[in-house]
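All chains are named by letter (A, B, ...) in the order of the sequence lines, taking the proteins before the strands, and each is independently numbered beginning at 1. Keep in mind the model is a prediction, meaning the values are calculated, not measured.
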2 protein chains.
Amino acid sequence: MHVTLKTIAEEAGVSITTVSRALAGYGDVNEQTRRRIIEIAERLGYQPNLAARHLRSKRTYTIGMVIPRTAHYSDPFFMELVAGVGKQASEHGYDLLLSAQMQGEEELSAYRRMVAGGRVDGMIVARVLWQDPRIAYLRQVYHPFVAFGRTEDPAHPYIDVDGAEGMYQLVAHLVEYGHERIALIQSPRELAFTADRCGGYRRGLEAFDLPYREEYVIQGNLTRHSGRLAAEKLLALPTPPSAIIACNDLMALGASEAVHARGLRVGRDVAIAGFDDIPEATTATPPLTTVRQPIYGIGHRLVDMLVRLMQHEEVDNTQVLLQPELVIRASSGTPPTR
Amino acid sequence: MHVTLKTIAEEAGVSITTVSRALAGYGDVNEQTRRRIIEIAERLGYQPNLAARHLRSKRTYTIGMVIPRTAHYSDPFFMELVAGVGKQASEHGYDLLLSAQMQGEEELSAYRRMVAGGRVDGMIVARVLWQDPRIAYLRQVYHPFVAFGRTEDPAHPYIDVDGAEGMYQLVAHLVEYGHERIALIQSPRELAFTADRCGGYRRGLEAFDLPYREEYVIQGNLTRHSGRLAAEKLLALPTPPSAIIACNDLMALGASEAVHARGLRVGRDVAIAGFDDIPEATTATPPLTTVRQPIYGIGHRLVDMLVRLMQHEEVDNTQVLLQPELVIRASSGTPPTR
DNA sequence: TTGTAGGCGTTATCAG
DNA sequence: CTGATAACGCCTACAA
C-alpha cells in the first residue's frame with residue numbers, strides 16, 4: 001500500500017495536520033516532533049500523492065506540449081525543441097507532459113485535456129498557425145502559454161525568428177553567387193511563418209530586380225518527400241531554376257535528393273538552401289546552406305518566459321523577435337570568382 | 001472559474017451524481033436527462049478535472065520516462081526513443097510525462113516522484129545499468145515498467161537487441177575487409193550493454209585468431225567528444241589499429257573526426273564502425289557502418305508491452321531479444337579485391 | 001431513475 | 001505548538 005500522511009501520523013502518534021506541517025517546513029512545529037516525523041517519513045519512503053496535492057493547490061509543476069503525431073518519422077525540429085524545453089523545464093523544477101496528436105480536432109482536445117483538465121500550469125505552442133485555434137483557446141481561458149512563432153494578433157507572448165529577414169539574406173547570398181533564377185519551395189499557407197518567409201523571398205527578388213515567377217514557387221508540406229517532389233517539378237521546367245530555397249531544411253534535403261536523382265550536383269549545378277539549421281544540415285552531403293534558428297536555445301527561452309508568466313512575475317518583454325543567422329555551407333556553391 | 005460537475009448539476013437542476021453518471025455513459029439515466037446534461041456540458045465546455053479523477057480511480061493514463069539531462073546537446077538516441085514512445089503511447093490513449101534529470105540520485109528521486117507520487121501508470125526505463133537502482137526500485141514497489149535493455153536478473157520485462165551478436169558481426173565484417181588490428185572504444189562499464197557488446201568483440205577476435213590487446217580498448221562515455229579523444233589515443237599508438245569499433249554511433253562519429261584531424265581518410269586509411277544506427281549515421285561523411293537498433297520501433301514495442309502490463313493483460317513474452325542488423329556503409333572501406 | 005454520503009490524500013483555517 | 005474540520009472534484013455503494 002501507499003505510504004500517506006496518515007500512515008506517518010499513526011506511526012508517530014500525532015495528527016495528519018502536524019505531519020503535513022512538519023514536512024512542509026512550517027515553523028510552528030516542535031523541533032522534537034519534526035525530527036521524529038521526518039525520520040519516519042524517510043524510513044517509510046513517504047512520497048506525497050501529487051494528484052491530491054494538485055487537487056488542493058492547483059499547481060502541478062508541469063508544462064504541457066503537444067507535438068504532431070506523424071506517421072513514422074521523428075521530426076528533428078520538434079525533437080530539438082522537446083530537448084531544449086525539457087532540459088530547461090527541469091532546470092526550473094518542472095516536468096514536461098507530452099502528447100503526440102494528429103493536427104486538427106484531436107490536437108485541440110489534447111489542449112483541453114491538459115489545460116481545463118488541470119494537468120499543466122502552462123503550455124508551449126509550437127508551429128503557430130495563421131488563425132491558430134489553440135492560441136484562441138488558451139487566450140479565451142486565460143491560461144499561461146508561450147508560442148514559438150507569432151501571428152498578426154499582437155497580444156500573445158511569443159518568441160520568434162525574423163523569417164523575412166532570413167529569407168532576404170538567403171536571396172541576397174544566392175544573387176551574390178551569381179544566381180538569377182531562384183525558386184522557392186513554400187511551406188503550407190496556414191502556417192504563420194509562411195507569409196513571413198515568402199515575403200522575405202519576394203522582397204529579396206525585388207531588391208535585386210529579379211522577376212517573381214509563378215512557376216518557381218511550389219507548395220510543399222514540410223516533409224522531406226514533399227521537398228523532393230517539388231524540386232522534381234522545378235527541375236523539369238523548360239527553364240529550370242539555378243537555385244532552390246526551401247522554407248525548411250527537411251524539404252531542402254528532399255530537394256537535394258531530387259537533384260542527385262537527376263544526375264546533377266548540388267552546389268555546382270543547382271544551389272540549394274533551407275531554413276532551420278537542424279543537426280542534419282551540418283552533416284548532409286553537401287552540407288546545407290540555411291538560416292539558423294537556435295531551436296534548442298529557443299526552447300530554453302520559451303520555458304524561461306513561461307515560468308515567469310506562470311508565477312505571475314513581471315516579464316519585461318513578452319514578444320521576442322530574434323535576428324536570424326545566415327549559415328553558408330557547400331550546398332549553395334562556391335563564391336563567384338572575379 | 002473551472003466548470004465542474006457541480007456547475008452542470010446546478011444548471012441542469014439535478015444532483016452531481018446524476019451528471020457524473022450521465023457523462024460516464026451509465027445505462028441508468030433517463031434519456032431526457034442525459035441529453036440535457038450532455039448538452040449543457042458541451043455548451044459549458046466541461047472538462048473533467050484529472051487530478052480529482054486520478055485521486056479516485058488511481059489511473060492516470062500517463063507513461064513516465066526520465067531522460068538524461070545533458071549539458072547542451074540533445075542525444076539522438078533518446079530523442080528517437082521519445083518520438084517512438086510518444087507516438088505509440090498516444091496511439092493507446094496515453095500521454096507521456098518526461099523528466100530530464102542528471103543521472104544518479106536526482107534521477108532516482110524523479111522515479112519516486114512519478115511512481116510513488118502516483119503520476120504515472122507505468123515507466124519506460126532506458127539505458128539500463130548493471131545493478132540498476134531504478135529497476136530495483138520499480139520491482140520493489142511492484143510498479144509496471146518495461147526496460148530497453150536487460151540485466152543479469154532475468155525477471156524483469158525488457159526489450160533488447162543482441163549486442164554480442166551485433167559486435168561479432170562487426171568484427172567479422174572488418175576481418176573480411178582485411179583488418180587484423182581492430183580497436184574498441186568502450187562504453188562505460190556500469191551500462192548493462194557494455195559487457196554484452198564487449199563480449200561480442202572478444203569472441204569475434206577469438207573466432208578469427210586475433211589477439212586481444214589491452215591498448216586497443218579505450219574507455220569512452222558515449223559522447224562524440226569522448227569518441228574523438230579515444231580515437232586520438234589509438235591513432236597515436238606505435239602500432240595504431242587499422243579499424244576502430246565504437247560502442248555507439250556518437251563515439252564513432254567522434255572517432256571519424258579524430259581520423260580527419262590527423263589528415264587520414266575514414267574508410268580508406270582507417271575503418272570506423274559504430275552501433276545504433278542513429279539518423280546521422282546515414283548522412284555522415286562518409287556514411288557510418290553500424291549495427292542497427294530500430295530505436296523508434298523499439299519505442300513502439302516497449303509501449304505495447306507496457307500497456308498490456310498496466311492493464312494486467314496476459315503478455316506471452318516479457319523478455320524480447322531482437323536480432324541486430326549489420327549495416328555496411330562507406331566508413332568501413334571497400335570490399336577486398338581478390 | 002435519482003439522490004445522499006463517504007472517501008481518495010492533501011492543505012488551509014480556525015480553535016484549543 | 002497541536003488537532004479537528006472542511007474543502008479541492010470526482011466516483012460509487014447504498015438508499016430512496
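- For the pair B:T4 and D:dG9, the criterion of a side-chain N or O lying under 4.0 Å from OP1 or OP2 is not met.
- Judged by atom type and distance alone, A:R56 does not reach the base of C:dA12 through any side-chain donor-acceptor pair under 3.5 Å.
- A salt bridge does not link A:D121 with A:K58: every distance from a Lys NZ or Arg NE/NH1/NH2 to an Asp or Glu carboxylate oxygen is 4.0 Å or more.
- Atom NZ of A:K58 and atom C1' of D:dC10 are 12 Å apart (whole Å).
- Contact annotation: A:Y26 side-chain N/O to C:dT11 OP1/OP2 distance is not under 4.0 Å.
- For residues 4-54 of chain A, no pair satisfies ring-ring contact (aromatic ring centres under 6.0 Å, His included), with sequence neighbours left out.
- Remark: A:S20 is not in phosphate contact with C:dT10, judged by side-chain N or O atoms under 4.0 Å from OP1 or OP2.
- Neither OP1 nor OP2 of C:dT2 sits under 4.0 Å from any side-chain N or O of B:T17.
- Residue A:T33 places at least one side-chain N or O closer than 4.0 Å to OP1 or OP2 of D:dT2.
- Taking atom CD1 of residue B:I37 and atom P of nucleotide C:dT2, one finds them 8 Å apart after rounding to whole Å.
- Note on B:E91 versus B:K87: salt bridge recorded, some NZ/NE/NH1/NH2 to OD/OE distance being below 4.0 Å.
- Spacing between atom CD of B:E10 and atom P of C:dG3 amounts to 13 Å, rounded to whole angstrom units.
- Near DNA chain D, meaning a heavy atom under 4.0 Å away, there are no residues from residues 41-54 of chain A.
- Residue contacts for A:L5: at a heavy-atom cut-off of 4.0 Å it reaches a base atom on one of the strands shown.
- Straight-line distance from the CZ atom of B:R36 to the C1' atom of C:dT2: 12 Å, rounded to whole Å.
- Taking the six-membered ring for Trp and thresholds of 30 and 60 degrees, B:H156 and B:Y158 have ring planes more than 60 degrees apart, a perpendicular arrangement.
- Side-chain N or O atoms of A:R134 include one that pairs as donor or acceptor with a backbone N or O of A:A126 at under 3.5 Å.
- Going from atom NZ of B:K6 over to atom P of D:dC11 covers 16 Å, rounded to whole Å.
- Put simply, A:T18 has a side-chain N or O that comes within less than 4.0 Å of OP1 or OP2 on D:dG3.
- At whole-Å resolution of the value, CD1 in A:I16 and C1' in C:dT13 are 16 Å apart.
- Across all strands, B:D28 comes closer than 4.0 Å to base atoms (heavy-atom distances).
- In this structure, CG of A:L55 is placed 9 Å from C1' of D:dA7, rounded to the nearest angstrom.
- Taking a cutoff of 4.0 Å between a charged side-chain nitrogen and a carboxylate oxygen, A:R69 and A:E107 do not qualify as a salt bridge.
- The pair A:E314-A:R308 does not meet the salt-bridge criterion, since no charged nitrogen lies less than 4.0 angstrom from a carboxylate oxygen.
- The distance between atom CG of A:L23 and atom C1' of C:dT10, rounded to the nearest whole Å, is 12 Å.
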